[in-house]
Amino acid sequence: HIPDNDNINDINFHTGSRPSPSDELPIPPLHENPDRAFDPSPQDLDYKANRKMLGKKFDRNFMQVVKPLEHIFHPDGMLNIRFRKGRPKGRRPEFIKDFGHKISFGDDIVKKLGVDKRTKKLMQKYLWNYTYCPLIYKWKDLGIRFWPRWIKEGSCYKGRSCSIPPGMQCKTKSSKPITLLRWHCKDWNTDRKCSWIEIQYPIITECACSC
Amino acid sequence: HIPDNDNINDINFHTGSRPSPSDELPIPPLHENPDRAFDPSPQDLDYKANRKMLGKKFDRNFMQVVKPLEHIFHPDGMLNIRFRKGRPKGRRPEFIKDFGHKISFGDDIVKKLGVDKRTKKLMQKYLWNYTYCPLIYKWKDLGIRFWPRWIKEGSCYKGRSCSIPPGMQCKTKSSKPITLLRWHCKDWNTDRKCSWIEIQYPIITECACSC
Amino acid sequence: TPAYRYARYPRRIRRWPCQRKQMFVKFKDLGWQSWIIAPDGFQAFYCEGECQFPLAAHMNATNHAIVQTLVHLMNPKQAPSPGCAPTKLGAQSVLYFDDNLNVVLQKFPMMIVKSCGCH
Amino acid sequence: TPAYRYARYPRRIRRWPCQRKQMFVKFKDLGWQSWIIAPDGFQAFYCEGECQFPLAAHMNATNHAIVQTLVHLMNPKQAPSPGCAPTKLGAQSVLYFDDNLNVVLQKFPMMIVKSCGCH
């Protein structure tokens, strides 16, 4: 069955004859062919020209051409936490909102929390902080074939377990792509003209507690 | 390397040439050869003789010769919960004892629970109940080749998730063996004399919340 | 080496695709009736068959198997086609003599082939 | 059938035990340079070799493979010896054209053989 909008590059078109990607993050580093013939030369690294090529997609929060100061001061990354009124900024998770309801086992055994509304809210706030999975941002050098070459990668804080009872860990929940330029030689043939192409690089933007 | 106490039946002695068991519970039902020649006859089912064979190992709490009343009244099993002072009977889990400590992210961000000791104990009690994994006992008929043929099996309550955030489930934590008799024909040859042998059957005795 | 080529280039005949086949195992045939009390045997199945391009969807081929299939097609000398192996295995309960010569009932994982695929 | 016997009873020659071997895959050789931007190739490895009794510990044989090995030894007509297949596979990052013709960097799981065993 060949679909109407037949796209020969459609990975689904080739099911069984092409490998399939996964959405999982983080991704292992891209393995680079060490031959320097595939590197851009100094004239290809012109800031103005490349900046113009990216246009509006250039996002100074996530990419830099030279080694960022933040990387020099925080080489192991920076915790990205924002609190508001003593608990994490953002929407309250459903399980926090539902916390404190009657616990029932079978038909006749019921256990209540037994505290007033104000105390219940204090407890919810504590659990919200306890189960919160903050992001860690760390600058990474992708190498000369990417432009800009420094990007701010997100990862999930992996300290103590984020659940009660312990057992679950902070893991990737959401991501978004940032646009970069990649120096590419068609067919990996240096006789051909090499050029910059636009690519999408995934950045982890949210973490959540899970098994 | 052949050990001094060379036991030819030692499963480790045959590593690589024999399959290995696992401690996981529950176990799937034993598949029985349907040929009735391998069943005990009425004279082999004499209560007095078999009871004497088992001796002290007969445990009326876990085994019965005829269909138990409990099975007629509770065919889907009975929840085995015991509470004391409003929380589960038994030792307080470590993570409940530790609940309420300061939460820290990195070096300078710290969140406290902010309630008095009495309220903290109320919260701990609630969480203890919430994360509690009770046992369910259900009578099961093992068939005529086991004596007694009815045993009380344990399983773990699988309702809502037992963790905060949700994600973990109640799973087997501990088990103990009960001793039963098994009607066995040596080499599965009915020309040979068949007899009762003592066997150990695993019963789940404790459940805990885990990924 | 000749043997290598022998294994790689079999006679051009029609072969069956990778699939699950029956294999009823009688413990007595393996000499295991001395340590296994029950059951006396079980249906273990096994996997056998070819993994050739293009791999059908139900072959549950890993990404690596897809790559290897194509490498073999382009250049049989570089690699054989992937093997037909179990992709899912189920457990079997066995009543047997343990290390202490007690007869115990335990679960033996990964004893029965549930499905086969190209790996 | 003769073909069946042919596959099962190869010439009695010395064969290598199940092991991991190198297989460097160049995407250009597979015609994949049109949809894969980078890398230009990778070391995928593959598994090949015999699974004969007794299976060595590092073969990471499943319980089923142990049973099948013995069945084959006792009666080669009933089943072949187990296959040598990957027991552990690793991921590879790839920069490629997706369905929307955007060039994206994504993880492709189970691309590289880490270890082989009898399955």
Side-chain angles (χ1 to χ4, degrees), chain B residues 3 5-15 17-35 37-38 57 140 142-143 145-146 151 153 172 175-190 192 194-204, chain C residues 7 18-49 60 83-117 119:
Chain B
N5 300 335
D6 189 14
N7 184 356
I8 201 81
N9 273 324
D10 189 332
I11 207 165
N12 293 323
F13 179 66
H14 299 271
T15 297
S17 54
R18 283 190 180 179
S20 307
S22 112
D23 283 330
E24 272 179 52
L25 287 164
I27 50 176
L30 185 69
H31 189 255
E32 294 280 14
N33 184 316
D35 189 345
F38 299 118
K57 296 176 186 176
K140 180 171 168 178
L142 296 181
R145 293 175 196 163
F146 286 97
I151 60 153
E153 269 204 324
T172 305
S175 72
K176 75 169 190 188
I178 59 171
T179 308
L180 302 172
L181 298 177
R182 165 76 183 182
W183 186 250
H184 181 59
C185 303
K186 203 175 187 305
D187 295 347
W188 287 86
N189 187 342
T190 47
R192 312 280 297 266
C194 308
S195 64
W196 290 107
I197 58 172
E198 249 185 49
I199 67 130
Q200 291 186 351
Y201 194 101
I203 300 290
I204 297 171
Chain C
C18 174
Q19 61 193 267
R20 189 178 78 157
K21 293 181 172 173
Q22 296 205 342
M23 176 178 76
F24 192 88
V25 179
K26 276 181 145 169
F27 292 135
K28 207 187 287 190
D29 294 342
L30 306 183
W32 283 359
Q33 75 283 8
S34 57
W35 72 277
I36 294 181
I37 298 296
D40 57 328
F42 73 113
Q43 179 55 258
F45 302 100
Y46 69 98
C47 299
E48 193 178 43
N60 284 322
C84 178
T87 48
K88 221 176 134 200
L89 292 152
Q92 168 90 18
S93 281
V94 178
L95 197 57
Y96 73 101
F97 279 103
D98 72 1
D99 296 354
N100 305 313
L101 292 183
N102 292 319
V103 179
V104 302
L105 183 66
Q106 259 185 307
K107 179 161 109 166
F108 279 65
M110 298 194 284
M111 288 284 271
I112 301 168
V113 176
K114 297 291 186 190
S115 59
C116 301
H119 272 199

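In what follows, every chain begins at residue 1, and chains take the letters A, B, ... in the order their sequences are listed.
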Chain B contact via C/Leu95 - which portion, at a heavy-atom distance below 4.5 Å: both
Examine whether an atom of B/Pro177 lies under 4.5 Å from a heavy atom of chain C, and if so say whether it belongs to the side chain, the backbone or both; otherwise answer neither. neither
For atom NZ of C/Lys107, decide whether the heavy atoms of other residues, nucleotides or ligands shown that lie under 6.0 angstrom number more than 12. yes
Above 12 or not: heavy atoms from other molecules or residues under 6.0 Å from CD of B/Glu24? no
Within-4.5 Å side-chain heavy-atom neighbours: C/Tyr96 and B/Pro19: no
How long is the span from the OG atom in B/Ser22 to the CZ atom in C/Phe108, to the nearest 0.5 Å? 9.0 Å
Can you see which heavy atom on B/Ser20 is nearest to which on C/Pro109, and at what distance? O-CD, 3.7 Å
Part of C/Met111 within contact of chain B (heavy atom distance under 4.5 Å): side chain
side-chain contact (heavy atoms from CB on, under 4.5 Å) between C/Ile37 and B/Ile199, worked out: CA-CA 10 Å; C/Ile37 298 296; B/Ile199 67 130; 5.8 Å; no
So, for C/Val103 and B/Glu198, which heavy atoms are closest and what is the spacing to 0.1 Å? CB-O, 3.7 Å
For B/Leu30 versus C/Pro39, what's the shortest heavy-atom pair and its separation? CD1-CD, 3.9 Å
What are the two closest non-hydrogen atoms of C/Ser93 and B/Pro29, and how far apart are they? CB-O, 4.3 Å
Quick check for you: to the nearest 0.5 Å, what is the distance between C/Ile112 atom CD1 and B/His31 atom NE2? 9.0 Å
Quick one: pull up CG in B/Asp187 and NZ in C/Lys28 and give me the separation to the nearest 0.5 Å. 5.5 Å
Applying a strict 4.5 Å limit to non-hydrogen atoms, the region of C/Asp40 in contact with chain B is both
What I'd like to find out is whether the side chain of B/Trp188 reaches to under 4.5 Å of the side chain of C/Lys26, using heavy atoms alone. no
Rounded to the nearest 0.5 Å, how far apart are CD of C/Gln33 and SG of B/Cys185? 14.0 Å
Is B/Leu25 in contact with chain C via its backbone, its side chain, both, or neither, using a 4.5 Å heavy-atom distance? neither
For the CZ atom of B/Arg182 and the CG atom of C/Leu105, what is their distance to the nearest 0.5 Å? 9.0 Å
